[in-house]
Structure formats: structure tokens, C-alpha cells
Amino acid sequence: MPLPKLPTKPAALLSVQDYPKAEAGKAVKPRIAVVEPITRNKEIAPQARDKSVAKPAVKPVESRKTKAPAENGRSVADKPAKPAEGHIRPKSSTSRAADKSGVSKLFVLDTNVLMHDPSSLFRFEEHDIYLPMVTLEELDNHKKGMSEVARNARQVSRSLDALVGDIGDDQIDHGIPLSKLGNKDAKGRLFFQTKLQNADLPEGLPVGKADNQILGVVRGLEAETPGRAVVLVSKDINMRIKARAMGLPAEDYFNDHVLEDTDLLYSGIQQLPDDFWIKHGKGIESWQENKHGTGYTYYRLSGPLVPTLLVNQFVFIEPKNGEPAFYGQVTQINGKTAVLQTLRDYGHAKNSVWGITARNREQNFALNLLMNPDCDFVTLLGQAGTGKTLLALAAGLAQVLETKTYNEIIVTRVTVPVGEDIGFLPGTEEEKMGPWMGAFDDNLEVLNKSDSDAGEWGRAATQDLIRSRIKIKSLNFMRGRTFVNKFLIIDEAQNLTPKQMKTLVTRAGPGTKIICLGNIAQIDTPYLTEGSSGLTYVVDRFKGWSHSGHVTLARGERSRLADHASDVL
């Protein structure tokens with residue numbers, strides 16, 4: 001009897017036709033391999049041991065072949081990825097019909113798309129772009145100032161000027177090739193509104209409002225080109241709702257999304273199956289090395305799970321039969337061979353970092369990255385109370401004041417208020433940043449109290465020494481700087497855009513280590529989401545690099561009250 005169709009995605013339900021039909025007098029059960037749902041901290045492990053059952057067509061989450069579904073940055077309609085269960089991407093019927101027929105679309109861009117991503121003009125591949133005159137007027141209104149929006153508006157204006165610089169007047173009506181400036185992926189053409197679009201809008205809509213004029217342009221284009229798929233692309237939710245209410249196709253701009261589903265984000269940790277050593281123990285090599293004053297054991301092995309591993313990824317096995325657990329880190333991957341290294345146990349008091357010990361498995365992984373001088377870039381994700389700031393600060397103090405690996409600690413963060421802004425703050429740069437650094441002050445008190453033998457005067461002297469080695473800087477003055485032998489901590493990095501994150505990370509000079517801390521569930525910056533945050537961006541782009549590492553901290557260690565509040569509120 002043939003096997004039923006396997007699910008094409010996790011937790012997919014089989015249709016009635018896919019069930020096998022039993023013959024008379026014979027009871028037949030469908031033989032289906034179980035597919036575990038993808039979770040943030042637990043990867044898919046090979047569960048199907050029955051060789052007679054085919055394996056499900058599901059790739060491991062953390063694979064080097066995994067690419068961002070929004071690659072090349074077209075609109076949501078252009079390159080649909082398979083979303084997670086329960087997550088449906090908004091897609092108009094016009095776009096679906098154009099996708100089936102293979103016809104290129106005409107995207108009408110709202111102003112906020114251009115100001116959000118100045119390179120969006122060249123990210124729609126074979127599709128054409130239409131710019132209403134109202135969009136150009138709004139770009140002109142926003143070009144003044146030193147804000148990020150003003151800089152983006154000026155960059156878009158320069159790109160448009162280069163496109164229309166040396167063409168004839170008649171060529172504007174036929175469209176300007178977007179590949180003219182060397183963008184080979186942009187195979188479409190750029191059209192400008194050169195005449196008034198006579199479109200009937202619903203009664204009661206103010207005609208002079210810019211959004212309504214753009215909606216009128218979309219309706220007019222639909223009337224002029226009845227066989228063409230015309231789609232409005234806007235970052236404004238109310239604009240898209242208004243367009244759909246009028247029966248016009250409208251979609252969000254998804255090029256800035258690194259991942260469609262943040263559950264697919266690289267966690268830096270993979271649990272190995274219990275039979276890992278049985279399947280990977282053939283021809284295994286092991287040796288010991290002394291590195292940075294600590295002895296480590298290395299294992300060179302090969303097997304079916306090796307292609308799913310990444311360099312500096314943490315692996316662990318916790319058997320339930322009473323055997324000792326194994327915690328390791330992938331240090332090398334050469335084809336079908338990987339090298340695993342044992343970890344230093346920072347949960348033991350003898351290995352404490354500035355009086356701090358790891359309270360759980362993920363904190364131990366994080367301290368192994370933070371204390372490794374060969375790891376230049378570390379990202380730590382986790383909800384409130386998981387210990388991100390405390391671990392980073394303790395590791396920084398230990399390597400600045402004890403081992404002298406770095407000269408000083410530099411702390412910065414995005415100054416985005418949670419509530420109403422309290423206005424300008426007096427004082428110098430560090431005094432202005434003081435109210436934003438309350439989290440570091442709290443953690444410094446915890447670190448200072450750990451030394452109970454020093455006495456009150458000793459603790460005061462230690463605190464003054466620590467304060468002299470910690471510098472608080474603002475993000476606004478980072479451009480053009482170079483940090484040499486610094487321990488740079490970027491707090492609340494989830495509020496950074498990918499462009500701002502690139503500006504900060506490229507400040508690193510020789511001997512500098514950068515630590516990015518954040519919780520992508522607490523984003524306060526407008527127009528940023530979990531998928532488009534700069535922290536998500538660097539985690540996805542740096543995975544697998546031999547000098548970077550990432551750990552997602554799962555368990556809160558602040559207090560039982562904070563843990564309960566995170567769960568129920």
C-alpha cells in the first residue's frame with residue numbers, strides 16, 4: 001500500500017484524500033512521521049527511526065542554506081515564502097493572479113516606502129514602478145534637516161536625478177530603465193505621473209489630502225491599463241486599509257524584513273539526539289589542548305547532523321537515564337567533518353566572572369562567548385530578567401580590570417523613551433546619557449556588593465575605579481570614530497535599524513569586542529518590527545562566522561515576580 005502524502009510544512013493537516021483506504025476486513029493505519037512544531041529554543045531533531053517510513057521534507061531550522069525569504073526585497077506579493085502556521089502574509093487577489101500568469105506588475109510607491117528604504121527603487125526586480133507627483137512633493141517637504149528621514153529623502157532625490165538626468169522628454173512616458181545606474185537586479189522601468197488622473201473617489205474623501213490623491217492615481221491607472229496588475233505599496237497601515245476598502249490592491253513593503261517569522265531566527269543552540277554518539281562515533285578523534293589558561297577536549301567527528309551545524313554554535317545532550325550531560329561548541333566545519341570543543345563551566349564558583357556564576361545552561365554558553373578573546377562580535381537575545389546586561393558587564397570588568405585584555409568599557413544605547421519624552425536634559429554628553437543608563441547602574445551595584453570582605457571604604461574605592469573605566473557615549477556622535485582595544489556594549493539594540501547597526505559595528509578597530517544586547521519583543525522605534533530590527537539583521541548575517549557568536553537566553557533569573565509577570569502579562 002502506498003504511503004500517504006507527507007506534510008509540506010510543520011504541523012500541516014492531511015486532507016481526506018491523503019488518507020489510505022482500508023480494504024475489506026483489514027484495518028490500516030496511516031504511517032506518518034511526526035513533525036515537531038518549530039519553537040524558538042528547540043530545533044527539529046530526527047525523530048523517525050523507522051526506516052520503512054519516509055522522512056518528512058522539513059529542513060532543520062538552523063541550516064547554512066537557509067536564506068531570508070524577503071531576499072532581493074520585493075513587495076510581499078513577489079517572492080512568497082512559506083509562512084509559519086497561523087501566519088498569513090497579506091496578499092491581494094490582483095497579485096496572486098499576476099503571480100500565476102507570470103505577468104509583471106506596476107507598483108505605485110507611497111512616500112513612506114522611499115523614506116524608509118532609499119534603495120527601494122531598485123528592489124522590485126522585473127516589475128515596474130510608478131511615482132505620483134504627490135510622492136515627489138512630499139519628498140521635497142521632508143528633505144530638510146539632519147534626521148534619518150531627511151537623509152533618506154535626499155538620497156532618493158539624488159537617485160531620481162541620476163535616472164532622469166540625460167534622457168529625452170518622450171522617454172519619460174515610455175519608462176526609464178531602473179538598471180541604468182548599474183543595478184542589474186532591477187529589470188523594470190520607472191514611470192512618473194505626467195498627466196492628471198481623472199478618477200472618481202468615494203464621496204466625502206477630502207480631495208486635497210495626499211493619501212487620497214495617491215489612491216486616485218491607483219484607480220486611474222487601473223482604468224487606463226485594464227490588463228495590468230496595479231498594486232499600491234505603503235508602510236502606512238491606515239493607507240492600506242483605506243485602499244482595500246475602496247477595492248484597490250495594497251500591500252506592505254517587506255524588503256526590510258530579514259525573516260518572515262522570528263521563530264526561525266538563529267538561536268545559537270542546538271540540542272543533539274540521545275543517539276548522537278552512536279551515529280557519529282565511527283572514526284571519532286579526540287585530543288586535549290590548553291587554550292587561554294584552560295584545558296579543553298576536542299572531538300573531530302562526521303555524521304548526518306554535521307551539515308546542519310554552524311561554527312560557534314553550542315550543542316548539548318542531556319540524557320534522562322542519569323548519564324552526565326555534554327555541553328560543547330562547534331569550532332570548525334570542514335565539509336562533512338566537524339570539530340566540537342568542550343566548554344568551561346562558569347556555573348562553578350571557582351570559574352566565577354567578577355563574582356558572577358552562570359545560573360543556567362544558556363548563561364554558561366553566553367559567558368563562554370563573552371570571555372573568549374577570539375570572538376569579536378557577540379549578540380545576546382532574551383526577555384527581561386535573563387541576565388544579558390549583568391553577564392556582559394561582569395565579563396567586561398573582568399577583562400578590563402583583571403586580565404587587561406581591553407582598555408575600557410564603552411556603553412551606548414538608543415535613546416527611545418517608553419512613554420512621553422521629558423524633553424532636553426542638561427549637562428555634558430555623559431550626564432545627558434545618565435538617565436538612560438539606569439540598568440547599568442543597577443547591575444554595577446550588584447557586582448560591587450559581591451565583594452563582602454572589602455568593607456565600605458574598599459567598595460567605594462572599587463566603585464570609583466570601575467566608574468573611571470566605563471564611558472557612556474551617545475549614538476549620535478559615533479560616525480567617523482574608531483575604537484581600539486575597547487569593550488563596546490550596545491544595549492537595547494532591538495531599537496536600531498540595520499543601517500544604524502552597520503554604522504556602529506564598523507566602528508570597531510583592532511582588539512575591540514562588540515556586545516549587542518536586546519529583546520526583539522520590546523521594540524519602541526516606529527516602523528521597526530521583529531523581522532526588520534537591526535538586531536535580527538546582525539544575528540542572521542553573522543551566524544556561522546568564526547569570530548562571532550549568538551545565544552538566545554531562555555530562562556529569567558531576575559526574580560520569581562519578574563518571571564511570573566513575563567508569563568502572564
Side-chain angles (χ1 to χ4, degrees), residues 68 70-75 78 107-125 127-167 172 175-193 210-211 214 232-236 239 251-258 414 416 475-481 495-507 525-529 531-534 536-538 541:
E71 187 183 12
N72 296 325
R74 295 173 292 174
S75 174
D78 297 337
F107 287 108
V108 181
L109 299 192
D110 196 1
T111 316
N112 47 46
V113 175
L114 297 172
M115 292 190 296
H116 179 72
D117 182 8
S119 61
S120 59
L121 284 170
F122 312 104
R123 297 185 180 273
F124 287 85
E125 293 199 350
H127 305 288
D128 297 333
I129 294 175
Y130 189 94
L131 292 184
M133 280 298 168
V134 183
T135 298
L136 300 178
E137 290 285 342
E138 288 188 317
L139 277 177
D140 188 62
N141 294 335
H142 288 90
K143 69 180 183 181
K144 298 176 182 178
M146 297 301 296
S147 64
E148 188 75 16
V149 171
R151 281 192 289 267
N152 291 346
R154 290 193 293 270
Q155 184 175 338
V156 173
S157 299
R158 286 191 289 268
S159 299
L160 293 175
D161 180 59
L163 285 170
V164 302
D166 54 350
I167 63 170
I172 293 182
I176 305 167
L178 288 167
S179 59
K180 178 183 175 183
L181 302 181
N183 300 279
K184 296 180 180 179
D185 293 334
K187 301 175 183 177
R189 305 179 78 85
L190 173 65
F191 294 89
F192 291 95
Q193 182 185 2
D211 288 357
I214 295 176
L232 171 66
V233 180
S234 175
K235 296 291 294 181
D236 188 354
M239 177 79 159
E251 295 167 4
D252 194 1
Y253 177 69
F254 270 90
N255 170 67
D256 55 344
H257 282 218
V258 182
V414 187
V416 180
L475 285 173
N476 302 329
F477 311 107
M478 287 293 185
R479 193 179 294 275
R481 296 198 61 180
N495 287 321
L496 288 168
T497 64
K499 186 177 179 181
Q500 290 172 330
M501 184 65 78
K502 179 181 177 181
T503 302
L504 281 177
V505 177
T506 52
R507 301 304 99 210
T525 305
Y527 294 114
L528 270 190
T529 61
S532 62
S533 168
T536 308
Y537 179 72
V538 293
R541 294 302 174 93

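This chain uses plain numbering: 1 for the first residue, then up along the sequence.
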Asks: What is the minimum heavy-atom distance between Arg189 and Asp128, and which atoms define it?
Replies: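 Between these two residues, the closest heavy atoms are N-OD1, 2.8 Å.
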
Asks: Under the rule for side-chain hydrogen bond (donor to acceptor under 3.5 Å, both in side chains), what residues qualify as partners of Asp211, not counting sequence neighbours?
Replies: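 With neighbours one apart ignored, the set is empty.
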
Asks: Suppose we screen for salt bridge (Lys or Arg N to Asp or Glu O under 4.0 Å). Which residues come up paired with Lys502, at least two apart in sequence or across chains?
Replies: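 Counting only residues at least two positions away or on another chain, Lys502 forms no salt bridge (Lys or Arg N to Asp or Glu O under 4.0 Å).
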
Asks: Closest approach of Glu138 and Ala210, non-hydrogen atoms and distance?
Replies: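 In this case the closest contact between Glu138 and Ala210 is OE2-CB, 3.3 Å.
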
Asks: Please round to the nearest 0.5 Å and tell me the distance separating atom CG of Leu163 and atom CG of Leu190.
Replies: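 One finds 6.0 Å between CG of Leu163 and CG of Leu190.
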
Asks: Between Asp117 and Ser119, what is the shortest heavy-atom contact and its length?
Replies: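 Here Asp117 and Ser119 meet closest at OD1-OG, 2.8 Å.
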
Asks: Using 0.5 Å steps for rounding, measure from the CG atom of Leu109 to the CD1 atom of Ile214.
Replies: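 So the gap between those two atoms works out to 9.5 Å.
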
Asks: So how far is it from Asp236 CG to Asp252 CG, rounded to the nearest 0.5 Å?
Replies: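 CG of Asp252 is found 10.0 Å from CG of Asp236.
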
Asks: Roughly how far apart are Asn112 CG and Met115 CE, rounded to 0.5 Å?
Replies: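 If I round to the nearest 0.5 Å, the distance is 6.0 Å.
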
Asks: If you measure from CG on Leu121 to CG on Asn183, what distance do you get to the nearest 0.5 Å?
Replies: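 Leu121 CG to Asn183 CG: 9.5 Å, rounded to 0.5 Å.
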
Asks: For the pair Phe124 and Tyr253, name the ring-plane relationship: parallel under 30°, tilted 30 to 60°, perpendicular over 60°.
Replies: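 Correct class here is tilted.
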
Asks: Residues in salt bridge (Lys or Arg N to Asp or Glu O under 4.0 Å) with Lys499, at least two apart?
Replies: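 Applying salt bridge (Lys or Arg N to Asp or Glu O under 4.0 Å) to Lys499 gives Glu148.
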
Asks: Work out which heavy atom in Leu181 is nearest to a heavy atom in Ala162; give both atom names and the distance.
Replies: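 Distance-wise, the nearest heavy atoms are CD2-CB, 3.8 Å.
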
Asks: Looking at Asp161 and Arg158, does any basic side-chain N land under 4.0 Å from a carboxylate oxygen?
Replies: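 Not counted as a salt bridge, because no side-chain N and carboxylate O are separated by less than 4.0 Å.
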
Asks: Which heavy-atom pair separates Val113 from Ser234 by the least distance, and what is that distance?
Replies: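 In terms of heavy atoms, the two residues are closest at CG2-CA, 3.8 Å.
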
Asks: If you take all heavy atoms of His142 and Ala153, which pair is closest and at what distance?
Replies: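 Where His142 meets Ala153 most closely, the heavy atoms are O-CB, 3.9 Å.
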
Asks: How long is the gap from CG on Leu114 to NE2 on His116, to the nearest 0.5 Å?
Replies: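 One gets 11.5 Å once the value is rounded to the nearest 0.5 Å.
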
Asks: Would you sort out whether Thr529 and Thr536 count as a side chain to side chain contact (heavy atoms under 4.5 Å, CB included), showing the intermediate values?
Replies: CA-CA 10 Å; Thr529 61; Thr536 308; over 6 Å; no

Asks: Counting neighbours of NZ on Lys180 that are heavy atoms of other residues, nucleotides or ligands and sit closer than 6.0 Å, is the number greater than 12?
Replies: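 Yes, enclosed.
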
